[in-house]
Every structure is written in structure tokens, then in C-alpha cells.
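Take a look at the structure set out below.
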There are 2 protein chains.
Amino acid sequence: MTPALPDLSIRQLDYLVAVSTEPSWADAAARIGVSPSALSQGLSELERRIGVPMFDREGRRRTLRPTAEPVLAHARQVIALTSDLADWAERTRTGRAGELRVGMIDAAAVGHFTDVLRQFRDDHPELHLTLRVAPSGELLDEIESGDLDLAVVVGGHTRRGVHTESLMTEPLAVFTPTRGLPRDFAAWGPWVLFAQGSRTRAIAEEALQRLGAPTTIVAESNQPEVLRTMVELRVGSTVLPVVQAGPDFGPGRVIAERTLVLARRDGAAVDPAAEMLAVALRN
Amino acid sequence: MTPALPDLSIRQLDYLVAVSTEPSWADAAARIGVSPSALSQGLSELERRIGVPMFDREGRRRTLRPTAEPVLAHARQVIALTSDLADWAERTRTGRAGELRVGMIDAAAVGHFTDVLRQFRDDHPELHLTLRVAPSGELLDEIESGDLDLAVVVGGHTRRGVHTESLMTEPLAVFTPTRGLPRDFAAWGPWVLFAQGSRTRAIAEEALQRLGAPTTIVAESNQPEVLRTMVELRVGSTVLPVVQAGPDFGPGRVIAERTLVLARRDGAAVDPAAEMLAVALRN
DNA sequence: CAGTTAGTGAAGCAATTCTAAACTATTCTG
DNA sequence: CAGAATAGTTTAGAATTGCTTCACTAACTG
């Protein structure tokens, strides 16, 4: 068992180092910016806590006795360490260093927030930023487990322990192999959609049902690239965020919209770097 | 210029390490011996001073976030250093380590306090004890300049900045080449005495004058060995502390006494080791 | 000797840090 | 699922710490 450490404070050690450097205690006090009395009392207290006499009296001056050398060495070392820590804290606080794990759905990463990400990377070169692109569900799992600090996902999920905040809404549109859509909703389809379980898939199906269109599914994938190819091969029509439709199709027929939200672990302390990215994402 | 260090205390760092070791904060608080409330508040304060969020909330527990690893490392290191310092302080305080420079006149070192010195050396094997044997005047110079921590010298000197304390008195006696002394003091002498400037020499001369004996000096030396030899060679009589007379002479005729005093630098902090030796010297 | 300088001690005040107790939220348990 | 137990926080109040100011002592300086 440790025999109860003396409760020394950085400040007291700082006094000691100052006194060892400056010609007089008064100068030391002035440099630190406290009254001579405070310095005197502080050093007395330090001496008392360590329990070993450290100062001699030389005329009216006080001198550090050589015996106290180990204490001075200790003080210097601890102050150096603390100074390093303060630097680290400063860098972390300003988001200039540290680690930040971000997740985004593909539309966010490659579509809406590409520029924001690039800019953020440029602004924080020392920050170790890892970006994970995956469907909302997976990202939310990782937010929940603490593997991600921040994620941009499709809104509408409810997940305990995860806090969300709306970022933007974007339109979902129907894209067909043929130019133009039948006037009669019942003639729409069949469909090539995002995979079962996807929130965007659910939004699309719901919209189609509301319009009275059939919801026959002939193929599914989570990769918009795959969906587009299917449409080109005339397997069926699809519902995609317009940013992901690509230039080969027409403007598409908007039938719904989805919300992109910023997700963070609930109760997690706000990481400064995460907060800075969040600000950037909100524009 | 350093950007003002956060005033962290050992105690706060200790909280952090405890929390990282124990399964719950309550356990950590119990181990340290403080209320859970104090721990909670202390860690909040630490977090605030460092300025970087360090804890997450996991259900009702709080966990150290990986980001705070550098702080924990710092805490461990500073605590280890402080623990070393505490050990050093403990050893120094109990006189088990450190340095002690002692001066003694020969009669004290070889006569009265030989056993005390041997015992003290045995009791404090780790203590670096240096013993300097020299006449009182020299020793007092060195006490004054700080080269010695402690000295046993002949009393009667007054030296500013040096504090003295009586240890013992010892008799000074006349020793002659012949057995027995003349009844008539005027027939005493001639003398072989300690060198001019010696305090013991002054005491002896004064005593002889008081008795009405002549004080013709035919030889002088500060080495009692030399004085004894002179007496054996019948150069003259001498006045010596009885401990230094040796067995070859009779008991001697006591004519005065001198005091041995413990001398220390005035205003010097009391070195624990010095204090322990002082206690031993006082018996 | 008067004046200045270095450091200390006392009083008062503000900030810190503790305990105790009430409180919130979460988890366990029958 | 209700109720108890648990983990941590908050609040109020007391104790401690640490600072400033001011008076003071001792030691240099001219």
C-alpha cells in the first residue's frame, strides 16, 4: 500500500522552480504574478507537506539548501510533463489533433458533404479522421457501441442512446428505363429498390402505396450503382435520391423526401473535433 | 512564455487513476477513502481544468473515453514520480538517507563521542556521513560558511551566525614528567601547550595565572600526541583534557575545565539527520 | 542613523473541496 | 412489472486552502 502521497499542486512546484531561477523570492513572486507573501506561504506549505526542510536563511535572503535538490528536480520534471499535457489539451480542444471517427451513408459522403469533408481535412491536417461509409443501420449500431463519434444517416430511425439532429432533406424520385412515366400509377413498376431493412426503401414503398402504385419488387441492392444499372437493363424502375441518379436519366418524378440527420451517441461528452465537424456539416 | 499551466493537484490525478483501475467510481472512491460525491466533483473539476472532455456515460456508469488516454498516462507518471519523492522524503526525514557533514575536535571524535559516532553510523547505513576533525576555530569557520552541518567544538567562542549548545564539561589537568607537582605554584612549568589561538590554551593559561604559576611557554602544538611526547622528553609540563593524557601519566592535577558545545549554523533549517545526531550526542 | 529591501505573520476574503443528504436514472429481482 | 438496490450527481453547508493587503522584523545601504 502506498503511504498516502503528499497533495502537491502544480502551483507550489512552480513557486519552487521560480525561486530557484530568480535572484530573489520577490522577483520570483513578481514573475509568477503573486504577492511575495503568497509565495512565502506557498513554499512553507510545500515544505511542510514534503516534510523535509528545504530552505536556509542567509542574511535576510532564503536559499535553497543543496539537500533539496531532488525536490527541485521533481518539480521541474512534473512541470515539464504538465506543460506537455497542456499542449496536448490545447491541440485537442481546438481540434488540431486527436482522433475522429465519422460514418456517412454513401449519398452523404459522395454527394452532399464531399466538399465539407475535404475542407475539414484541409483545415485539420493533424487530426486523424477516419470515414466509414455504410448503410444507416450499421452506422447507428456503431454510434451506439461507441465505435463512431459522429454519423450522417437517414432520419426516421429511433435508437435509444443515440441523439439525432436534422441536417437537410433531399427528394426521392422515380427513375424509369423509358422516358416519362405512365399517368396511371397502377401502371408503374415493377421495382428495383434498396434492400429490405433500408429506411429509404421503406420511405419509397410507403410513398408508392400512398399514390396507389403497385409495389412489385423484382430486384434489390443497397448500391445505387447497381440499381441504376438494373434500370438501364430495363429490369424495372427505381426510386433514388436525385443526387444519386446520375446524369443518364431524366430529372425523375419526385414522390417523397428523406431527411439526413446527424447522429451522435447520447450522453457522450462532446468531442471538440466532432463538434467542429458538426458545425461544418450544418453549414 | 508558457501559456499558464492548469493547476492540477496530485489528488485529482489520483482520482483519475483510481477510476481507471476500479470497476466503478464508487469503488474508486472507497479505495481512496473519500465520498463518491467528492470523487465525482473532483473529476469534473479536473476535466474542466484540462478543458478536454474525458468521460462518457454508459447507462448509469461513467467510462473513460479512449481519447483521454494521454491524460491517464500523465496522471500515472506524475503519481509515480510523486511516490518516489515521498519515499525520498521519508528516508530523509528519518535520517536514513541524505548527507551529513560533521566536524569535531579530536578529543570529541577520538575520545568522548567515538561510540556515539560508531552507533550512529551503524543505525544509518544509507546516510552519507562525513567527519572532519580539526581545531574549534576552523570548524566554526566551516559551520559559518555552510560547509558543515554540525560540529562539536570547545565552548567560549562567540561567532555571529552560529548557534551553540552545551554538551558536556571536561576537566583539564596538569601533567608533568616527574611524578607529583611542587606544592609551590611558582615552581610549576615551564609549559608545553596547545598553540596560540586555541581556546583550550587560553583556558589553561588563565587558570595558571589565577593560581599564580608562571606561564613560560617552551613549546606548542595542537596535537596532543606531540604534547605528550614533549612531556615524556622532559621538555616541560602540559595542560591537557584528561581523556587525552593517556595511561602513561598519573591522574594529573585538575586546574580547570572546558565545555564542549554543539555548534550549528544559526537560521539553518534543522536537517533531520543532524537533529538525530544531535540527540545522540546529548545522550 | 534614516531609508530601503527581503521576507514573514495576521486578518480578511474568495475559491476550493469536502461531507451529508436528497435526487435522478438505471438495473436487478422476485 | 413493482419495488429495491445501485451508480452517480446535485445541492447546501462546513472546513480548508490560498490569496491580498498591511503591518512588522531584520538586514543591508548610504
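The analysis underlying the following values was restricted to heavy atoms, covering all of them including side chains, and did not include hydrogens, waters or symmetry mates. By convention in this document, chain letters (A, B, ...) are assigned in the order of the sequence lines, proteins followed by strands, and residues within each chain are numbered from 1.
- Of all nucleotides in DNA chain C having an atom under 4.0 Å from a heavy atom of chain B, the first and last in 5' to 3' order are C:dT16 to C:dT27.
- Nearest-nucleotide assignment on DNA chain D puts the 5′-proximal partner with B:Asp27, out of A:Gly33 and B:Asp27.
- Under a 4.0 Å N-O distance rule, the pair A:Arg132/A:Glu138 qualifies as a salt bridge.
- When DNA chain D is scanned in the 5' to 3' direction for atoms under 4.0 Å from non-hydrogen atoms of chain A, the outermost contacting nucleotides are D:dT17 to D:dC28.
- Within 4.0 Å of B:Ala26, counting heavy atoms only, lie sugar-phosphate atoms of the nucleic acid but no base atom.
- Residues B:Pro135 and B:Ile105 share a closest heavy-atom pair of C-CG2, 4.2 Å.
- You'll find the ring centres of B:Phe55 and B:Trp25 inside the 6.0 Å limit.
- Salt-bridge formation is not detected for the pair B:Arg11/B:Glu45: no Lys NZ or Arg NE/NH1/NH2 atom is positioned less than 4.0 Å from an Asp or Glu carboxylate oxygen.
- Nucleic acid contact class of B:Glu45 (heavy atoms, under 4.0 Å, all strands): sugar-phosphate only.
- Side-chain contact between A:Leu46 and A:Leu16 is present, with at least one heavy-atom pair separated by less than 4.5 Å.
- Salt bridge B:Glu275/B:Arg264: present, at least one basic N to carboxylate O contact under 4.0 Å.
- Salt bridge present: B:Arg265 and A:Asp56 bring a charged side-chain N and a carboxylate O closer than 4.0 Å.
- A salt bridge links A:Glu165 to A:Arg282: one of the charged nitrogens lies within less than 4.0 Å of a carboxylate oxygen.
- Residue contacts for A:Ser35: at a heavy-atom cut-off of 4.0 Å it reaches a base atom on one of the strands shown.
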